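Numbers here simply count residues along the sequence, with the first being 1. On a predicted model such as this, the values are computed, not experimentally measured, just so you know.
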Amino acid sequence: MNAHDRNLGADQARLHYGDGDYAVLKPGRYVLCAVTGQKIPLEQLRYWSAELQEAYAGPAESLKRWQETQR
């Protein structure tokens with residue numbers, strides 16, 4: 001699946017996050033960062049938590065969430 005597939009909607013995708021990859025449950029073009037609410041295009045998604053089932057815009061957001069959950 002890539003961003004040029006015509007069957008992808010402009011809607012938010014729903015994913016199941018695994019340890020090293022993710023599975024698309026509902027096709028779409030983006031997911032939302034759990035920390036900032038920023039739209040993350042699927043082709044740019046690099047950071048997520050399998051445990052929390054959340055996506056993050058980048059390493060800073062991922063670290064912030066990890067620090068919050070360690071308290």
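Residues T69 and L52 have side chains in contact (heavy-atom distance under 4.5 Å, counting atoms from C-beta outward).
Transitive grouping of hydrophobic side chains (ILVMFWY, heavy atoms separated by less than 4.5 Å) keeps Y56 and W66 in distinct clusters. If you chain together hydrophobic residues whose side chains sit under 4.5 Å apart, Y17 and Y47 never meet in one group.
Rounded to the nearest 0.5 angstrom, K39 NZ and C33 SG are separated by 14.0 Å. Between atom OG of residue S62 and atom CZ of residue R46 there is a gap of 14.0 Å, rounded to the nearest 0.5 Å.
Within 6.0 Å of the CD atom in E68, the count of heavy atoms belonging to other residues, nucleotides or ligands exceeds 12.
Between the side chain of Q53 and the backbone N or O of A50 there is at least one donor-acceptor pair closer than 3.5 Å. Under a 3.5 Å cut-off, the side chain of K26 and the backbone N or O of Q12 do form a donor-acceptor pair. The main-chain N or O of A34 is found under 3.5 Å from a side-chain atom of R65 such that the two form a donor-acceptor pair.
Taking each heavy atom of L42 and L15 in turn, the nearest pair found is CD2-CD1, 3.8 Å. Here the shortest heavy-atom pairing between L45 and A55 reads CD1-CB, 3.8 Å.
Contact check on E61 versus K64 returns no salt bridge, with no Lys/Arg side-chain nitrogen under 4.0 Å from an Asp/Glu carboxylate oxygen.
Clustering of Ile, Leu, Val, Met, Phe, Trp and Tyr by side-chain heavy atoms under 4.5 Å joins Y30 with L32.
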